[in-house]
Amino acid sequence: MPQPSDFSFTLGTRLEGAHGRTGTIHTPHGDIQTPAYTPVGTKATVKAVLPEVVKDLGAQAVLSNAYHLYLQPGPELLDLHGGLGKFMNWDGPTFTDSGGFQVMSLGSGFKKVIDMTGPEAQGKVGSDDAVAPGKERLANVDDDGVWFTSHINGDRHQFTPEVSMRIQHQIGADVMMAFDELTTLHNSRGYQVESLERTRRWAQRSLDAHAQLTEERQHRPYQALYGVIQGAQYEDLRRKACRDLRDMRAEFDGVEAGFDGYGLGGAFEKENLGTIVGWCAEELPEDKPRHLLGISEPDDLFAAIEAGADTFDAVSPTRVGRTGAFYTDSGRINLPRAEFTSDLSPLQDGCDCYTCQNYSKAYIRHLIKADEILSGTLLSIHNLRFTVRLVDDIRQSIIDGDFYEFKDQMLGRYYAKQNRPV
RNA sequence: GGCAGAUUACCCAAGCGGCCAACGGGGGCUGACUGUAAAUCAGCUGGCAUUGCCUUCACUGGUUCGAAUCCAGUAUCUGCCA
């Protein structure tokens with residue numbers, strides 16, 4: 001019978017002088033050495049990359065999205081396949097996001113665009129006027145849940161914590177996220193307070209629904225549930241959110257249990273990302289994993305790992321790759337630039353990825369210019385490998401005791417863009 | 001040989017007397033992208049300069065206060081008729 005104890009976290013090496021640590025997450029589909037970056041495969045595919053390649057480049061897990069898979073092809077089909085992993089031919093651990101991100105990206109995230117045309121930013125984003133009136137919000141929040149208008153066919157769907165949990169159970173990922181509301185940096189403190197209270201109630205409902213579904217679906221391996229912490233940039237709200245979720249309990253077959261881990265959510269400003277993660281690390285239990293949602297830029301990874309985050313997902317490596325840019329130790333670079341027209345060198349000298357082992361900048365640039373889809377594949381592979389390797393190296397530096405030296409060296413080079421020959 | 005119609009910036013193409021350095025594509029250049037409505041999106045693309053100025057719409061000449069737009073001639077191209 002599946003039970004919360006089927007999922008666990010073992011602490012490894014602690015980072016001196018901070019909350020950072022290494023560890024191992026044990027899931028029914030294998031272990032994850034942390035810290036770890038997990039590629040995003042929203043619709044049960046890491047866009048443009050074969051799952052075997054994702055595995056070969058060192059990714060330990062992938063994260064998909066409940067909202068997108070609910071709309072298409074429907075969670076029943078994944079259940080029929082025996083879960084997300086079997087469905088997409090990924091035999092390692094899997095995560096799903098709850099659909100909480102879409103509350104923002106299809107709802108208030110749109111408001112952000114409108115806000116930018118306001119007095120403060122007037123004249124800076126001329127196109128928003130043209131775009132804004134024609135678009136409508138595709139997500140509307142109330143206390144019970146969120147009404148989504150499908151971007152695929154316009155159908156209306158209500159997402160509630162219970163709906164999200166049912167869908168995530170059907171999808172069958174090893175780690176699920178509680179249904180939350182993601183706010184933006186543009187929301188007022190008043191709205192953040194209101195939203196956080198809603199997210200707290202949704203977390204309890206998610207946990208209750210999860211306990212019930214775990215009982216109902218005993219033929220499946222145990223699926224872990226992370227509570228998602230919001231609270232924007234406010235210390236009191238973040239700390240309260242952590243304590244609330246830390247103490248939350250539900251009854252699993254007569255046994256009380258809480259969340260199996262925690263998702264750190266919200267829109268972050270780079271300057272205070274580490275600080276916010278640090279507040280959370282102080283409040284959250286040390287023996288539960290902490291997943292920072294949607295973050296993967298090198299400086300953010302260092303800051304968040306140092307402050308105590310264990311796993312990360314973000315679309316950046318794949319999206320940036322599909323849209324023509326690549327990561328290097330010296331910063332992110334747009335490959336379509338004319339200077340690379342006949343550059344026969346790999347994206348990054350010394351990179352061990354499949355792309356760099358076999359292709360030149362000039363070739364991949366040609367693919368982009370010629371509109372060939374292989375460019376997206378090759379750049380995604382490189383960017384994923386870059387990010388996975390960076391986090392692996394950070395993990396090793398914690399074990400070796402030279403995290404801070406590695407951080408200074410890496411970030412010094414990465415952000416010294418102005419010194420880069422162009 | 002006759003008749004008709006074309007000629008616009010790198011390419012295609014709108015414009016048919018002033019609001020035109022000239023719509024829109026393509027191409028080119030640059031930038032953005034962090035729980036993916038994203039193989040997407042944005043800006044620039046005659047020259048020079050801080051509002052502005054200068055040289056352009058095949059060429060030459062005219063009409064007009066004012067022409068890419070009207071007239072005449074020239075060149076080239078395309079149809080149709082011999």
Side-chain angles (χ1 to χ4, degrees), chain A residues 37-49 62-69 71-72 95-107 109-110 113 116 124-128 130-131 135-139 148-154 164 173 175-182 226 228-230 263-270 273 291-301 303-304 309 311-327 332-341 367-380 383 387 422:
Chain A
Y37 164 74
T38 72
V40 175
T42 301
K43 296 188 265 189
T45 168
V46 177
K47 289 185 194 294
V49 186
V62 297
L63 178 141
S64 291
N65 182 283
Y67 175 72
H68 287 276
L69 292 174
L71 288 186
Q72 190 180 49
F95 290 55
T96 42
D97 184 32
S98 61
F101 179 78
Q102 279 64 39
V103 179
M104 185 281 288
S105 69
L106 302 178
F110 174 62
V113 175
M116 289 175 71
K124 282 189 172 175
V125 275
S127 68
D128 291 329
V131 177
K135 285 191 148 188
E136 60 172 308
R137 288 170 74 115
L138 296 178
F148 287 109
T149 304
S150 163
H151 60 272
I152 297 173
N153 61 12
S164 177
V175 176
M176 306 177 289
M177 298 293 154
F179 190 55
D180 64 321
E181 178 183 1
L182 171 50
Y226 286 16
V228 179
I229 287 140
Q230 294 290 346
L264 311 183
F268 298 98
E269 284 175 313
K270 280 185 174 291
L273 174 65
H291 180 88
L292 181 58
L293 287 151
I295 294 293
S296 78
E297 292 297 317
D299 56 338
D300 298 329
L301 290 170
T311 54
F312 307 85
D313 71 273
V315 304
S316 197
T318 45
R319 179 189 289 169
V320 155
R322 283 196 316 288
T323 56
F326 62 102
Y327 292 96
R332 194 166 81 189
I333 300 171
N334 290 334
L335 186 54
R337 295 171 66 102
E339 65 183 290
F340 301 121
T341 305
L367 295 178
I368 296 170
K369 291 294 188 180
D371 247 341
E372 286 292 343
I373 55 179
L374 186 59
S375 70
T377 298
L378 294 178
L379 288 173
S380 292
N383 290 342
T387 307
V422 171

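From a predicted model like this one, the values you see are computed outputs, not experimental measurements. Naming convention: chains lettered A, B, ... in sequence-line order (proteins, then strands); numbering from 1 in each chain.
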A.B. asks: With a non-hydrogen cut-off below 4.0 angstrom, is A:A48 in contact with a base, only sugar-phosphate, or nothing?
C.D. replies: nothing
A.B. asks: So do A:T387 and A:L301 actually touch side chain to side chain, heavy atoms under 4.5 Å?
C.D. replies: yes
A.B. asks: Quick one: side chain to side chain contact (heavy atoms under 4.5 Å, CB included) partners of A:N153, sequence neighbours excluded?
C.D. replies: A:S150, A:D155
A.B. asks: Sort out the partner of B:A22 for me: Watson-Crick or G-U wobble, both distances under 3.5 Å, none otherwise.
C.D. replies: none
A.B. asks: Go through the structure and list residues passing side chain to side chain contact (heavy atoms under 4.5 Å, CB included) with A:D299, not counting sequence neighbours.
C.D. replies: A:K270, A:E297, A:L411, A:Y415
A.B. asks: Can you list everything that forms a side-chain hydrogen bond (donor to acceptor under 3.5 Å, both in side chains) with A:T311? Sequence neighbours excluded, please.
C.D. replies: A:H291
A.B. asks: How far, in whole Å, is B:U74 from B:C23 if one measures between their P atoms?
C.D. replies: 33 Å
A.B. asks: Quick check on A:I152: does its CD1 atom have over 12 non-hydrogen neighbours (other residues, nucleotides or ligands) under 6.0 Å away?
C.D. replies: yes
A.B. asks: Let me know the distance between CD1 of A:I373 and P of B:A38, rounded to the nearest Å.
C.D. replies: 17 Å
A.B. asks: With a 3.5 Å limit on both atom pairs, tell me what B:A58 is paired to, counting Watson-Crick and G-U wobble, or say none.
C.D. replies: B:U74
A.B. asks: Which is true for A:G266 with a 4.0 Å heavy-atom rule: it touches a base, it touches only sugar-phosphate, or it touches nothing?
C.D. replies: base
A.B. asks: Rounded to the Å, how far apart are A:R137 CZ and B:A37 C1'?
C.D. replies: 15 Å
A.B. asks: Using atom NZ of A:K47 as one end and atom P of B:U36 as the other, report the distance to the nearest whole Å.
C.D. replies: 9 Å
A.B. asks: Determine the contact category for A:H68: base if any of its heavy atoms lies under 4.0 Å from a base atom, sugar-phosphate if only primed atoms, P, OP1 or OP2 are that close, otherwise nothing.
C.D. replies: sugar-phosphate
A.B. asks: Please name the nucleotide paired to B:A32 by Watson-Crick or G-U wobble geometry with both distances under 3.5 Å, or report none.
C.D. replies: B:U40
A.B. asks: Give the rounded distance in Å between these two atoms: CG of A:L335 and P of B:G31.
C.D. replies: 12 Å
A.B. asks: Taking only the side-chain nitrogens and oxygens of A:T318, find out if one of them lies under 4.0 Å from OP1 or OP2 of B:U36.
C.D. replies: no
A.B. asks: Grab the CG-P distance between A:N383 and B:A39 for me, whole Å please.
C.D. replies: 15 Å
A.B. asks: Using the C1' atom as the reference point in each nucleotide, state the distance between B:A6 and B:U69 in Å, no decimals.
C.D. replies: 15 Å
A.B. asks: Using the P atom on both, measure B:C44 against B:A39 and round to a whole Å.
C.D. replies: 24 Å
A.B. asks: Who does B:G66 pair with, Watson-Crick or G-U, both distances under 3.5 Å?
C.D. replies: none
A.B. asks: Could you measure between the two P atoms, the one in B:U64 and the one in B:C53, and give it in whole Å?
C.D. replies: 27 Å
A.B. asks: Tell me what A:I152 touches on the nucleic acid: a base, only sugar-phosphate, or nothing, going by heavy atoms under 4.0 Å.
C.D. replies: nothing
A.B. asks: Rounding to an integer number of angstrom, what distance separates B:G27 and B:C12 when you compare their P atoms?
C.D. replies: 15 Å
A.B. asks: For A:E269, answer base if it contacts any base atom (sugar-phosphate contacts may also be present), sugar-phosphate if it contacts only those atoms, and nothing otherwise; contact means non-hydrogen atoms under 4.0 Å.
C.D. replies: nothing
A.B. asks: In sequence, state the C-alpha distance, the side-chain angles, and the governing distance for A:L69 and A:S64, and then conclude on side-chain contact (heavy atoms from CB on, under 4.5 Å).
C.D. replies: CA-CA 8 Å; A:L69 292 174; A:S64 291; 4.0 Å; yes
A.B. asks: Find the distance A:E297:CD to B:C33:P and express it as a whole number of Å.
C.D. replies: 7 Å
A.B. asks: Searching all strands shown, indicate the nucleotide that pairs with B:C3 (Watson-Crick or G-U wobble; both distances under 3.5 Å).
C.D. replies: B:G79
A.B. asks: Applying a 4.0 Å non-hydrogen cut-off, can you work out what A:D313 is touching in the nucleic acid: base, sugar-phosphate, or nothing?
C.D. replies: sugar-phosphate
A.B. asks: List in chain and number order the residues that pass side chain to side chain contact (heavy atoms under 4.5 Å, CB included) with A:T45, two or more places apart in sequence or in another chain; answer none if no residue qualifies.
C.D. replies: none
A.B. asks: With a 3.5 Å cut-off and heavy atoms only, can you find an N or O donor on one side and an acceptor on the other between the side chain of A:T323 and the base of B:C33?
C.D. replies: yes
A.B. asks: Is A:L63 touching bases, backbone alone, or none of the nucleic acid, heavy atoms closer than 4.0 Å?
C.D. replies: sugar-phosphate
A.B. asks: Expressed as a whole number of Å, how far does the C1' atom of B:U40 sit from that of B:C33?
C.D. replies: 9 Å
A.B. asks: Please give, in whole Å, the distance from B:A32 C1' to A:I333 CD1?
C.D. replies: 15 Å
A.B. asks: Is A:V40 close to A:T318 at the side-chain level, that is, under 4.5 Å between some pair of heavy atoms?
C.D. replies: no
A.B. asks: Separation of A:R319 atom CZ from B:U36 atom C1', in whole Å?
C.D. replies: 5 Å
A.B. asks: A:A309: which residues meet the side chain to side chain contact (heavy atoms under 4.5 Å, CB included) condition with it, sequence neighbours left out?
C.D. replies: A:V277, A:L292, A:A304, A:F312
A.B. asks: Does A:F326 form a side-chain contact (heavy atoms from CB on, under 4.5 Å) with A:N383? I'd like the steps, not just the answer.
C.D. replies: CA-CA 6 Å; A:F326 62 102; A:N383 290 342; 3.7 Å; yes
A.B. asks: Could you give the distance separating B:C77 and B:G52 at their P atoms, to the nearest angstrom?
C.D. replies: 44 Å
A.B. asks: What integer number of Å spans the P atoms of B:U7 and B:C57?
C.D. replies: 14 Å
A.B. asks: Tell me which nucleotide, if any, is Watson-Crick or G-U wobble paired with B:U51 when both distances must be under 3.5 Å.
C.D. replies: none
A.B. asks: Look at all strands and tell whether A:Q102 reaches a base, only sugar-phosphate, or nothing, counting heavy atoms closer than 4.0 Å.
C.D. replies: sugar-phosphate
A.B. asks: May I ask you to say what A:I368 touches in the nucleic acid, namely base, sugar-phosphate or nothing, with a heavy-atom cut-off under 4.0 Å?
C.D. replies: nothing
A.B. asks: Any protein N or O atoms within reach of nucleotides 26-30 of chain B? Criterion: under 3.5 Å, listing atom names and distances.
C.D. replies:
| unit_1 | atom_1 | unit_2 | atom_2 | d |
| --- | --- | --- | --- | --- |
| B:C29 | OP1 | A:R365 | NH2 | 3.3 |
| B:C29 | OP2 | A:K369 | NZ | 2.6 |
| B:U30 | OP2 | A:A338 | N | 3.2 |

